[in-house]
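Since we're looking at a predicted model, the values are computed, not measured.
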Amino acid sequence: MIFSTYQFILIFLPITFCGYFMLHHFKLQSAAKLWLVLASFYFYSQGSPDFFPFFLGSVVGNYVIGSTLSNLQGDKHRIERALLLTVGVLANCGLLGYYKYTDFFLVNVNRLTGADFALKHIVLPIGISFFTFQLIAFLVDSYRGETKTYDVLHYLLFITFFPQLIVGPIIHHAEVVPQFENPDNSKIIWDNVAKGLLIFSIGCAKKMLLADPLTTDAEIFFGDINNHLPMLQSWFHSIEYTVSYYFDLSGYADMAIGLGWMFNIAIPQNFNSPYKAKDFQEYWQRWHMTLSRFLGAYVFRNVFKKGSKYRNYYVATMVTFFVSGFWHGAGWTFVVWGIVNGILVCIASWRNRKGMNTPVWLGVPLTFLLAVMTRILFVSETFRDAWQVLKSLIRVGSLHMADAIAFANDNWKNIVLTFVGLGICWFLPTTKKLTEKFKTNWISLVYAAALLIICICSMDKVVQFLYFQF
């Protein structure tokens, strides 16, 4: 089940919302929270029914380990805690590794040894890359003594709350559990409902009206790479995919944040106009911010050591982006994509430390250009495909006026959508600013209703969110 479907908007969401607040209204707080947990379980089971028993076992197992770690504080339990944390982290990584990287491992073993192991073609469970990070963070914080022993209902709400369960934003227990514990959040707050509907509608429009048509068109191009790609088509489809990828991810994040507000839960922002960044260090401070926050807290800080030649900022940055690349997908193109991004971040950081600030008028378009080029590597199935597209970007001899006019006539709708998307990225306020300035009035309600009606009328074709494949 995904957000942009009739089943979710017209059936699942109203039933879940009404049941949750009705139980709270009758002072059945535990029953209300259990209702939300069960609804979230149902939501997940619709997307990965075969994996659901393993998901349930993983969630319960991590609760047992995390609670035990929280209770085993002090130096006398140091060895037991270290062993328990190791077991928990390895179990989470092992489950993720089996489902996500088994075929990648077998392909490379076959290539290096000449063996012929059959590939498993394991279906990747939706959301496994995201909830695994949340579970690991919970275990590490429990080991550090930074959590309290949550009761099982609040823990389950933290992990399974359906708006963020599948594609994030990646939430932290310390920012969500207290909101569920707050009795003021157990009643309907109509301003929050109105705000949530507006943000959800904006996210739905981003996904369905911009991301879906652009992604569908761009994937046709990247799915049939040849040796003689025209320059104009390569530039357009590369920019088109870069724009669509942002609206797909940020659209989902907006929908999740909007749903959170309906239940009086503030989910952290995930994007802050990344294409307005003037260098790649700033770009990654604005792009998928909850992922960057997790990697910074649990990878970068464990590698970085101030004053150490071999564990300095640049080494820690490269390790972090290597992990990020490998996390994004089971392929060497993703690993190299992560390394390239790490290098660009290190260059930007070095320039900033030296006071070599790039002016905005130059930095923003240059950073966007680099984002387009790295996105080519990200979306290409092989290095050869990526190289063919990159080469075609400078194939000036393929430019012909007649071909350009014909291409524009055939693709004018997507060209218009791409420019509209760029205009939104560069000139309109972020969802965060809209949230901060939000006031419930008839204008915002009419705007939200209009967007939602347009989206509902366009739901004849369901297009999966791009991050479902990661």
Side-chain angles (χ1 to χ4, degrees), residues 4 202-252 254 271 273-277 283 287 361-362 364-381 385-386 388-430 450-451 454-455 457-466:
S4 52
I202 291 172
C204 196
K206 283 183 177 181
K207 165 66 177 170
M208 298 191 64
L209 305 183
L210 287 172
D212 285 355
L214 295 181
T215 300
T216 301
D217 186 52
E219 287 185 338
I220 293 173
F221 170 80
F222 281 100
D224 186 26
I225 301 299
N226 57 61
N227 296 331
H228 302 287
L229 298 173
M231 178 179 176
L232 179 62
Q233 283 89 325
S234 295
W235 270 108
F236 173 71
H237 290 300
S238 298
I239 294 172
E240 178 185 45
Y241 186 81
T242 303
V243 172
S244 74
Y245 195 79
Y246 166 72
F247 280 109
D248 194 273
L249 269 65
S250 68
Y252 189 99
D254 286 348
F271 295 90
S273 297
Y275 295 152
K276 293 180 183 177
Y283 173 79
W287 177 276
W361 65 267
L362 176 61
V364 171
L366 180 59
T367 300
F368 179 74
L369 175 63
L370 292 172
V372 170
M373 292 183 174
T374 56
R375 192 59 62 193
I376 291 171
L377 180 60
F378 186 91
V379 68
S380 299
E381 293 186 5
D385 286 352
Q388 292 299 329
V389 177
L390 289 169
K391 281 197 307 181
S392 68
L393 297 180
I394 56 173
R395 188 172 287 137
V396 180
S398 65
L399 282 177
H400 301 286
M401 182 60 68
D403 292 339
I405 294 173
F407 179 78
N409 286 333
D410 293 338
N411 296 273
W412 68 269
K413 290 183 180 179
N414 287 329
I415 292 172
V416 170
L417 286 178
T418 299
F419 276 100
V420 169
L422 289 172
I424 293 172
C425 291
W426 283 329
F427 302 111
L428 293 189
T430 63
L451 282 179
I454 292 171
C455 290
C457 292
S458 305
M459 286 180 183
D460 55 322
K461 181 181 179 182
V462 176
V463 179
Q464 296 280 18
F465 287 89
L466 289 172

- Message: Assess the residue pair Leu214 and Phe247 against the criterion (side-chain contact (heavy atoms from CB on, under 4.5 Å)); give the C-alpha distance rounded to whole Å, side-chain angles, the decisive distance to 0.1 Å, and a yes or no.
- Response: CA-CA 10 Å; Leu214 295 181; Phe247 280 109; 5.7 Å; no

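- For the residue pair Ile415 and Ala408, the shortest heavy atom distance occurs at CD1-CA, 3.8 Å.
- In this structure, the side chains of Phe368 and Val364 stay at 4.5 Å or more apart for every pair of heavy atoms.
- Looking only at distances, a side-chain donor or acceptor of Thr374 sits under 3.5 Å from a matching main-chain atom of Ala371.
- Residue Asp248 holds its CG atom at 4.0 Å from NZ of Lys207, rounded to the nearest 0.5 Å.
- Annotation: side chain to side chain donor-acceptor pair (under 3.5 Å) contacts of Asn414 (sequence neighbours excluded): Asp217.
- When Tyr246, Phe427, Trp426 are each tested for a ring pair (Phe, Tyr, Trp, His ring centres under 6.0 Å) with Tyr275, only one passes: Tyr246.
- Nearest heavy-atom pair, Cys425 versus Lys276, reported as atom, atom and distance to 0.1 Å: O-CE, 3.1 Å.
- Side chain of Arg375 to main chain of Tyr241: no donor-acceptor pair is present (N/O by atom type, distance under 3.5 Å, no hydrogens or angles).
- Residues Ser273 and Thr430 come closest through the heavy atom pair OG-CG2, 2.9 Å.
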- Working for ring pair (Phe, Tyr, Trp, His ring centres under 6.0 Å), residues Phe221 and Phe236: CA-CA 10 Å; Phe221 170 80; Phe236 173 71; 9.3 Å; no

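- Taking every heavy atom of both residues into account, Gln388 and Ile225 meet most closely at CB-CG2, 3.7 Å.
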- Task: Please step through side-chain contact (heavy atoms from CB on, under 4.5 Å) for the pair Ile376 and Leu393, ending with a clear verdict.
- Result: CA-CA 11 Å; Ile376 291 171; Leu393 297 180; 3.9 Å; yes

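- If you take CG on Leu232 and NE2 on His237, they are separated by 8.5 Å, rounding to the nearest 0.5 Å.
- In Lys413, the NZ atom is not crowded: 12 or fewer heavy atoms of neighbouring residues, nucleotides or ligands sit closer than 6.0 Å.
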- Using the side-chain contact (heavy atoms from CB on, under 4.5 Å) rule, take Asp403 and Phe407 through it: C-alpha gap first, then chi angles, then the decisive distance, then the call. CA-CA 6 Å; Asp403 292 339; Phe407 179 78; over 6 Å; no

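- The heavy-atom pair separating Ser244 from Ala211 by the smallest distance is O-CB, 3.6 Å.
- Remark: Ser234 engages Ser392 in a side chain to side chain donor-acceptor pair (under 3.5 Å) (not counting sequence neighbours).
- Here the closest heavy-atom approach between residue Pro213 and residue Leu417 is recorded as CG-CD1, 3.7 Å.
- Atom OG1 of Thr215 is separated from atom CZ of Phe222 by 11.0 Å, given to the nearest 0.5 angstrom.
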- Under the side-chain contact (heavy atoms from CB on, under 4.5 Å) criterion, do Leu209 and Ser458 qualify, and how do the steps go? CA-CA 8 Å; Leu209 305 183; Ser458 305; 4.3 Å; yes

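- Put simply, OH on Tyr283 and CG on Leu370 are 10.5 Å apart, with the number rounded to the nearest 0.5 Å.
- Distance OG/Ser250 to CD1/Ile424: 9.5 Å, rounded to 0.5 Å.
- For the atom pair SG (Cys455) and NZ (Lys206), the distance works out to 12.5 Å, reported to the nearest 0.5 Å.
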